[in-house]
*Asks:* 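Before we start, here is the structure in question, set down as structure tokens.
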There are 2 protein chains.
Amino acid sequence: MTNTTLKLLAQQLQLSISTVSRALKDHPDISAATKAKVNALAQSLDYEPNAYAIQLRTQSSKILGVIVPAISNLFYDSFIAAVEEESRNNGYAVMILQSSHNPENELSNLKIFRQNRVSGVFACLSSSAENLEVYQKMNEREIPVVFFDIVPKDNRFTKVRMADERCAIMAAENIIKRNAKKVLAIFGDEGLSITQKRKTAFQKFMQDFAPKTHCSYAHAANTNDAADIMKKFADKKQKVDTVFCMTDEILIGVMKTIQELQIKVPSEIGVIGISNGFIPNLYYPHISYVETSGHELGKLAFVQMMANMKGGKTLTELTVDAKFVEGGSM
Amino acid sequence: MTNTTLKLLAQQLQLSISTVSRALKDHPDISAATKAKVNALAQSLDYEPNAYAIQLRTQSSKILGVIVPAISNLFYDSFIAAVEEESRNNGYAVMILQSSHNPENELSNLKIFRQNRVSGVFACLSSSAENLEVYQKMNEREIPVVFFDIVPKDNRFTKVRMADERCAIMAAENIIKRNAKKVLAIFGDEGLSITQKRKTAFQKFMQDFAPKTHCSYAHAANTNDAADIMKKFADKKQKVDTVFCMTDEILIGVMKTIQELQIKVPSEIGVIGISNGFIPNLYYPHISYVETSGHELGKLAFVQMMANMKGGKTLTELTVDAKFVEGGSM
DNA sequence: AATTTTGTCGCAAACGTTTGATATTTTATA
DNA sequence: TATAAAATATCAAACGTTTGCGACAAAATT
């Protein structure tokens with residue numbers, strides 16, 4: 001079955017293509033009678049405007065691109081969900097590509113976006129090795145880029161992210177409030193700026209406000225690493241009374257060890273994390289956490305995108321605030 | 001900055017547009033010398049073919065659509081991830097839309113796909129009220145549809161899904177092996193065919209092979225429901241010794257109650273689920289589960305899509321097999 | 001009655017490609 | 001040396017829209 005086009009409608013109605021086009025868009029030049037006829041036929045023939053032709057003609061697509069390290073991730077999936085929702089409500093469709101933490105994929109994904117002439121891209125850097133010229137090139141082509149979560153240091157770009165320092169400090173506050181004496185703080189990939197920000201803020205805060213609290217620092221690349229680290233610090237000699245987990249992956253690893261060794265929470269050990277809340281609520285008692293909402297971030301990113309597309313360049317760095325959610329683990 | 005087009009390249013090289021086009025595609029008609037020149041200029045001017053023009057001209061897009069109830073979901077996110085990966089490796093980009101379990105959204109999403117002339121769509125039904133004419137219309141327009149997970153009964157369509165009956169039976173087998181006497185089996189939304197299939201198979205198997213085992217059946221719409229149900233069955237009078245959870249959501253709820261009441265797993269209660277494995281491994285001991293891999297299903301769906309796009313209609317219903325993964329909860 | 005305004009509609013070019021047919025030059029064959 | 005064959009490059013139409021401009025009638029204004 002051949003697709004119905006403006007031309008086809010025009011032929012059947014003995015009208016010109018332009019008249020049909022205008023009728024369908026409710027253009028004032030066209031009489032009500034004609035509009036009615038056109039709409040009726042379009043309806044019965046299932047006319048669907050060809051987005052390609054429109055985009056080619058108008059040089060503007062209604063598609064936004066999202067690059068994410070992985071779709072299957074508790075934080076990014078909710079970010080994507082939020083962006084998709086906002087987009088759809090504003091007449092945009094979303095194209096999602098994953099970089100799998102691989103800069104090469106990131107590049108080829110960007111290429112796909114360029115070829116599909118997306119009208120904007122949300123990007124999360126896949127590695128600490130920032131390859132920014134590509135993004136700069138996007139901007140030169142008037143394709144706004146909004147970075148999220150893992151953002152470049154460079155301030156030629158628009159960025160939205162969690163209030164990383166605030167998150168870390170909030171966690172530290174609650175650790176101090178618990179009157180912890182020996183703290184284990186496990187952070188993520190050392191290469192990422194997000195890690196550095198959180199760690200620096202945490203460290204400084206602890207030194208300033210609880211100089212007598214002994215803090216150990218560790219980095220875990222994944223869940224198993226975190227479980228191992230926790231194991232090491234759970235033995236008699238260096239037993240810690242509070243553990244801070246920078247990510248969900250780390251929290252999961254830590255909890256694995258805690259459950260395995262049957263350490264009591266919160267009496268024997270206090271646990272606090274940074275999370276969107278899903279994982280912390282899986283345990284009993286619920287783990288206390290500083291909330292970072294992928295959903296919120298997605299919504300913020302979207303308004304930034306719209307702002308960038310409408311007005312001139314708004315080279316801001318916005319953060320979404322964090323809040324502490326009391327579980328029963330502290 | 002204006003985009004570089006074939007026309008621009010042609011002008012600068014004093015060649016015709018068609019020559020440039022053919023040179024870039026390594027067409028045998030064009031001499032090596034010309035090809036070299038063209039490629040060099042294209043490179044230095046960052047030429048990117050305009051996907052819209054190509055799609056308009058060739059009437060075929062390199063975009064696939066995915067409709068999913070929710071992106072932020074432990075099963076669907078891995079399905080999406082797999083489809084995206086396969087697609088990218090085959091030169092396709094993926095457009096993802098969520099229906100939020102709402103048939104209306106499902107319809108408008110399909111519209112977006114039609115207007116963007118996607119060359120195929122993966123669809124997961126958003127409700128038991130199957131609105132199939134729309135999908136039939138897609139097929140008539142030669143846009144293949146591959147249903148996944150929640151599929152229509154109608155056999156005019158291509159479907160891939162988990163081997164639902166097998167999953168349930170495998171779980172039942174392991175329950176019998178444990179020598180369970182009082183079983184609580186919690187299933188999901190009663191309206192979905194996937195629930196019916198699993199429940200029927202489970203029930204029949206238990207009756208046939210362990211007629212003396214007492215089974216209670218319940219349905220939970222979400223995590224909290226499951227937690228409540230579990231609470232009811234954990235009291236003295238009707239204490240169960242084994243619980244079967246049809247979904248991750250249910251498992252989470254059940255485990256919440258189990259942790260809260262400090263019931264020992266597996267000595268006091270055996271727990272078994274159907275899952276992709278992420279959630280079961282969060283607990284200690286790991287929960288035994290029948291594995292249903294969204295990733296596997298995604299890969300299967302993709303090959304079905306390719307088959308449908310190449311050859312004629314292959315109206316098959318394929319299932320991906322399940323396997324039992326021993327945790328320590330049985 | 002002559003002129004202007006208003007209401008409808010059509011013409012044609014453009015967006016950036018692809019591709020069958022055709023033209024031109026070079027090389028090989030008779 | 002003439003002629004066929006091969007190599008190379010060009011022409012022009014088409015894909016389905018949008019949109020500035022012009023055309024023509026009927027209605028309104030002088």
*Asks:* Nearest whole Å is fine: how far is dG16(D) P from Leu45(A) CG?
*Replies:* 14 Å
*Asks:* Would you indicate what Leu56(B) reaches in the nucleic acid, counting non-hydrogen atoms under 4.0 angstrom: base, sugar-phosphate, or nothing?
*Replies:* base
*Asks:* Return the value, rounded to whole Å, for the distance between atom CD of Gln55(B) and atom P of dC15(D).
*Replies:* 17 Å
*Asks:* For the pair Glu106(B) and Ser126(B), evaluate side chain to side chain donor-acceptor pair (under 3.5 Å) and give the outcome as yes or no after the intermediate values.
*Replies:* CA-CA 7 Å; Glu106(B) 196 178 329; Ser126(B) 69; 2.4 Å; yes
*Asks:* Salt bridge or not for Glu317(B) and Arg161(B), using N-O below 4.0 Å?
*Replies:* yes
*Asks:* Would you say Ser21(B) reaches dT19(C)'s phosphate, i.e. side-chain N/O to OP1/OP2 under 4.0 Å?
*Replies:* no
*Asks:* Out of Phe302(A), Phe75(A), Phe122(A), Phe79(A), which residue meets the ring-ring contact (aromatic ring centres under 6.0 Å, His included) rule with Phe148(A)?
*Replies:* Phe79(A)
*Asks:* Would you kindly give the CZ-to-P distance between Arg114(B) and dG16(D), to the nearest whole Å?
*Replies:* 17 Å
*Asks:* Please state whether the base of dC11(C) and the side chain of Ser18(A) form at least one donor-acceptor pair under 3.5 Å?
*Replies:* yes
*Asks:* Measuring from the side chain of Lys7(A) (C-beta onward, heavy atoms only), which nucleotide among dC15(D), dT8(C), dT17(C) has the closest atom?
*Replies:* dC15(D)
*Asks:* Whole Å only: how far is the CG atom of Leu6(A) from the C1' atom of dC11(C)?
*Replies:* 16 Å
*Asks:* Round to the nearest Å and state the distance from Ile30(A) atom CD1 to dT6(C) atom P.
*Replies:* 18 Å
*Asks:* Heavy-atom nearest nucleotide on DNA chain D for Thr58(B) versus Ala32(B): which residue maps closer to 5'?
*Replies:* Ala32(B)
*Asks:* Which nucleotide wins on minimum distance to the side chain of Asn50(B), given the candidates dA9(D), dT10(D), dT17(C)?
*Replies:* dT17(C)
*Asks:* Closest approach to the side chain of Thr34(A), judged atom by atom: which nucleotide of dT8(C), dA9(D), dG16(D) is it?
*Replies:* dT8(C)
*Asks:* CD1 of Ile17(A) versus P of dT19(D): gap in Å, rounded?
*Replies:* 15 Å
*Asks:* Any base atoms under 4.0 Å from Thr5(B), or only sugar-phosphate, or nothing? Heavy atoms, all strands.
*Replies:* sugar-phosphate
*Asks:* Tell me whether the guanidinium CZ or amine NZ of Lys62(A) lies under 6.0 angstrom from the six-membered ring centre of Tyr92(A) and within 45° of its axis.
*Replies:* yes
*Asks:* Whole angstroms only, please: what is the OH-C1' distance between Tyr52(A) and dT17(C)?
*Replies:* 14 Å
*Asks:* Out of curiosity, Asp29(A) CG to Thr34(A) OG1, how far, rounded to the nearest 0.5 Å?
*Replies:* 11.0 Å
*Asks:* If you compare every side-chain N and O of Gln59(B) against the phosphate oxygens of dG16(D) (OP1, OP2), does one of them come in below 4.0 Å?
*Replies:* yes
*Asks:* Could you give the CZ-to-C1' distance, from Arg22(A) to dA12(C), as a whole number of Å?
*Replies:* 12 Å
*Asks:* With respect to the phosphate group of dC11(D), does any side-chain polar atom (N or O) of Ser16(B) fall under 4.0 Å of OP1 or OP2?
*Replies:* no
*Asks:* Taking for each residue the nucleotide of DNA chain C bearing the nearest heavy atom, is the 5' side occupied by Thr19(B) or by Leu15(A)?
*Replies:* Leu15(A)
